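See below for the structure under consideration.
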Amino acid sequence: MSVGIRFPANLFGHPTDKRIEAVNSELKYWTNHSKTPVTKVIFGHFPMSFTTSSEKGQRYESVFARQSISAYLCGHLHAKVSKQLWRYHEVRTTEGHKSSFWEWELGDWKDSRLMRILAIDGGAVSFIDHTLKQALQTSILVTYPTDSRSMNMLESEKWSMRNDINVLVFSHQVIRNVSARVFDSHSEFKIVEEIPLQLVASSSVHRPLFHAKWNAENYRSPSPTRYWLQVFVLDSHGVKISSEQRPFSVEGKMAIPTSPWLNYLVFEVQWEDMYQLLMWSNMAFTIVLLCSPKLLYHFVSRSSSYQRWSVSVLSSPIQQRKTSFWLIWFLMEGTRSKPFWLCLVIYVLWLIEMPWFWGRATSENGEIAQMYLSGWSIPFYDGGLTGNKLSNPDVLVITLPFLYLVVAPVIVLIYGLFAEKSIAYLRRSRRIEYSVDLENMHAESVRLLPVAPRALLMKFPDKLVSMTIQFCGSWTRRALLLACLIIAAVHLKLCSKLMSAYGTVPVALSPPLTWMPLLLLGAAAYCTNVHAD
C-alpha cells in the first residue's frame with residue numbers, strides 16, 4: 001500500500017480507476033468461466049459511504065451491481081455508531097437493468113472484540129455476529145431460510161424456493177438435539193410447527209451442519225415478516241441454547257427496517273458529495289453574513305427611504321413591530337467598524353484560497369506540508385506521496401468543525417459585541433439626558449453612534465427604550481463574553497487534536513488556524529468595552 005495522510009484525515013477510501021477495473025475484471029472472470037452460478041462476496045475496509053469516486057468518476061457500486069455480487073463486507077467505523085450496520089443497494093446499470101447487493105458492516109476486533117461467521121448456502125448468504133468478551137460456547141447460524149430484514153435478495157434469479165432448513169451449530173460440547181420452531185406473528189406468535197433437525201453426515205468433523213425438510217409452500221405470505229424462525233439446541237451437558245427469533249420469507253421477500261437517523265447519516269449518506277454541500281453552504285452563509293449588511297449600511301447612509309420605512313415601523317404599535325428591523329440593525333452594527341470588517345473579509349478569503357496550517361502530514365518525522373480547504377498539498381516527494389488536494393474529502397473532519405463551530409460563531413459574536421456596545425451607549429446617553437444639556441448629549445451621541453442607527457434609536461418611545469435597556473443590560477455583555485470563552489475553548493480543543501496528529505510546533509505556529517479566531521474575539525471584546533472608551 002502507498003503512504004497516505006495521517007489520522008484524522010484518513011477517513012475515506014480512495015480507489016483508482018486501475019483498482020476498480022481490476023476488481024471488475026476479477027468478478028467478470030468468474031461470471032464467464034464458471035459452468036455453475038457463482039455467489040460473489042466482496043470484502044473491503046471502507047463502507048461505500050466513505051469511499052470516493054475514482055479520477056474518472058467511477059464507483060464500486062456500479063461494478064458490484066453490474067457483476068451481480070451478493071454482499072459487500074466492510075468495517076472502518078469501529079463500532080462508534082453501532083456494532084453492525086447494513087444497507088441494501090439498488091443500482092441501475094448502464095444497460096438499464098436494476099441490480100442490487102447488500103452491504104454489511106461490522107465493528108472492530110481490536111477494541112470491541114467483534115467477529116462474524118458467514119455462510120453461503122446454495123446462493124443464499126447469511127451471517128451471525130458475536131462479541132467475544134469471553135470464550136464463545138455455542139453459535140447458531142441459520143443458513144436457510146435467511147433473515148428477511150437483512151439477507152434476502154430482491155431479484156428472482158437470485159432466489160428460489162427450497163424445502164430446506166439448514167443450521168450451522170458451532171460448540172465446544174457435543175450437540176444432542178437441534179430443533180426449529182416456526183411462529184406466526186399474525187396469531188400472537190403461536191407455534192405453527194416444530195421441526196427436528198439431523199446432523200448431516202460428512203467426512204469432515206468441522207462441518208456441524210444440521211438439516212431438515214419442510215413444506216415451504218405452507219409459509220407463503222404477502223408479508224415478509226409474518227413467519228418467524230427460532231432454533232433450539234441441547235448439548236451433552238444438558239445446556240439449552242436458542243437463537244434469536246427472526247422473520248423469514250420463503251419467496252425471498254424483503255422487509256428492510258428503517259434505520260435510526262444516526263445510522264442513516266453515517267452509513268447511507270454519500271459523504272463525498274455531502275462534504276461539498278456542507279462546506280460551500282457554510283462559505284456562502286459566511287460571505288452573505290459579511291457582505292449583505294455592509295452593502296445595506298452603505299445604502300442606508302445615502303438614502304432616506306430606509307429611514308422612512310423605519311419610522312413607519314416604529315410608529316406602529318409595539319406588538320406589530322417586525323423582528324426584521326432588529327435583525328437588520330444588529331447586522332449593520334456588526335459591520336460598521338471598518339477595520340474589523342476588513343479583517344474578517346480578508347480572513348475568510350484566506351481560508352478559501354490559502355493554507356490553513358502547516359504540519360507533518362505523512363509521519364512523525366515527515367516533511368512539513370500545507371493543509372488547504374481543498375486538502376493537503378505536498379509539493380515534494382514524501383514516502384511515495386506528492387501532489388495537491390490530497391486527502392480530499394477526508395479533511396472534512398478538520399474543516400467542517402472549524403467552519404461551523406469556530407468561524408461562523410466568531411463572526412456572529414463580533415456582531416453581537418458591537419451591537420451591545422451601541423445599546424450601552426444608548427443607555428449612557430439616556431442617563432446623562434437629565435444632567436447634561438441636550439446639545440452636549442447630541443454631540444456625545446454623534447461621536448459614538450452611526451448616523452442611521454443612532455437617529456432611529458433616538459426616535460424610540462421611552463417605554464420601548466426602557467424595555468431595550470432592561471433586556472440589553474450588562475448581563476448581555478457577560479453572556480456574549482461567556483459565549484466567546486466557550487467558542488475559544490472549542491477552538492483550542494480542535495487545535496490540540498491537530499497538534500497531537502500533525503506536530504505541536506508547526507500547527508501552533510500557523511496563525512490562520514491557531515491564532516486568528518482568538519485574536520479577533522479578544523480584540524472585539526476589548527474594543528467594544530464602553531469603559532475602555
Side-chain angles (χ1 to χ4, degrees), residues 39 41 43 70-71 73 83-84 86 102 104 106-107 109 112-153 159-185 189-216 218-219 224-225 227-250 252:
T39 301
V41 177
F43 173 79
S70 293
L73 311 180
K83 290 184 178 180
Q84 58 177 199
W86 56 71
W102 280 102
W104 295 323
L106 180 65
W109 168 261
S112 304
R113 285 293 186 263
L114 289 166
M115 63 161 285
R116 169 169 292 165
I117 302 174
L118 182 139
I120 300 174
D121 183 352
V125 184
S126 57
F127 65 89
I128 185 171
D129 296 334
H130 292 288
T131 302
L132 294 186
K133 297 296 185 181
Q134 56 187 7
L136 178 64
Q137 298 300 320
T138 302
S139 173
I140 303 172
L141 172 56
V142 180
T143 65
Y144 190 87
T146 56
D147 193 328
S148 60
R149 297 168 299 181
S150 60
M151 299 176 193
N152 283 2
M153 300 299 293
W159 194 268
S160 59
M161 188 179 298
R162 296 159 49 185
N163 293 317
D164 298 312
I165 299 179
N166 290 331
V167 179
L168 286 171
V169 181
F170 300 94
S171 178
H172 291 290
Q173 310 301 327
V174 177
I175 301 302
R176 298 298 188 191
N177 180 270
V178 178
S179 62
R181 293 178 185 175
V182 180
F183 301 86
D184 187 352
S185 64
F189 283 90
K190 291 182 179 178
I191 298 176
V192 177
E193 185 178 7
E194 184 167 359
I195 307 164
L197 281 75
Q198 303 297 323
L199 180 65
V200 176
S202 172
S203 58
S204 172
V205 296
H206 301 293
R207 187 184 177 189
L209 176 63
F210 292 80
H211 170 77
K213 288 290 186 180
W214 67 348
N215 188 357
N218 294 338
Y219 301 107
T225 58
Y227 294 108
W228 292 61
L229 184 71
Q230 188 172 23
V231 175
F232 296 84
V233 172
L234 177 67
D235 66 21
S236 57
H237 288 185
V239 178
K240 295 181 179 180
I241 306 101
S242 61
S243 68
E244 66 173 8
Q245 283 188 358
R246 63 180 191 177
F248 68 91
S249 171
V250 295

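Quantities reported herein were computed from a predicted structural model and do not represent experimental measurements.
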Quick check: are there more than 12 heavy atoms from other residues, nucleotides or ligands sitting under 6.0 Å from CD of Glu194? yes
If you take the centroid of each ring, where Trp contributes its six-membered ring, are Tyr227 and Trp214 closer together than 6.0 Å?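 Judged by ring-centre distance (under 6.0 Å), Trp214 and Tyr227 do not meet the cut-off.
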If you take all heavy atoms of [X] and [Y], which pair is closest and at what distance?
X      : Y      : value
Tyr144 : Val250 : OH-O, 4.3 Å
Glu244 : Arg149 : OE2-NH2, 4.3 Å
Ala212 : Pro196 : CB-O, 3.4 Å
Asn163 : Ala216 : OD1-N, 2.9 Å
Gln230 : Ser242 : NE2-OG, 3.8 Å
Ser148 : Ser249 : CB-N, 4.1 Å

Can you tell me if His172 uses its side chain to pair, donor with acceptor, with the backbone of Leu136 under 3.5 Å? yes
Trp104 side-chain N/O to Met151 backbone N/O, donor-acceptor pair under 3.5 Å: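 No: the side chain of Trp104 does not pair with the backbone of Met151.
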To the closest 0.5 Å, what do you measure between [atom1] ([X]) and [atom2] ([Y])?
X      : Y      : atom1 : atom2 : result
Met115 : Ile128 : CE    : CD1   : 9.5 Å
Thr143 : Asn166 : OG1   : CG    : 4.5 Å
Ile120 : Thr39  : CD1   : OG1   : 5.5 Å
Phe127 : Trp86  : CZ    : CH2   : 6.0 Å
Asn218 : Glu193 : CG    : CD    : 7.0 Å
Phe232 : Leu197 : CZ    : CG    : 12.5 Å

Check: [Y] and [X] side chains under 4.5 Å, non-hydrogen atoms:
X      : Y      : value
Val167 : Ile140 : yes
Val239 : Gln173 : no
Pro208 : Phe170 : yes
Thr131 : Ser112 : no
Phe210 : Ile175 : yes
Asp129 : Lys83  : no
Ser171 : Val233 : no
Ser126 : Leu141 : yes

Verify side-chain contact (heavy atoms from CB on, under 4.5 Å) between Leu73 and Leu106, making sure each step is shown before the conclusion. CA-CA 8 Å; Leu73 311 180; Leu106 180 65; over 6 Å; no
Would you check, one step at a time, whether the test side-chain contact (heavy atoms from CB on, under 4.5 Å) holds for Ile191 with Phe183? CA-CA 5 Å; Ile191 298 176; Phe183 301 86; 3.5 Å; yes
Pair Lys213 + Asp164, salt bridge at N-O below 4.0 Å: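 Salt bridge: yes.
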Quick one: do Thr146 and Val125 satisfy side-chain contact (heavy atoms from CB on, under 4.5 Å)? Show the steps, please. CA-CA 8 Å; Thr146 56; Val125 184; over 6 Å; no
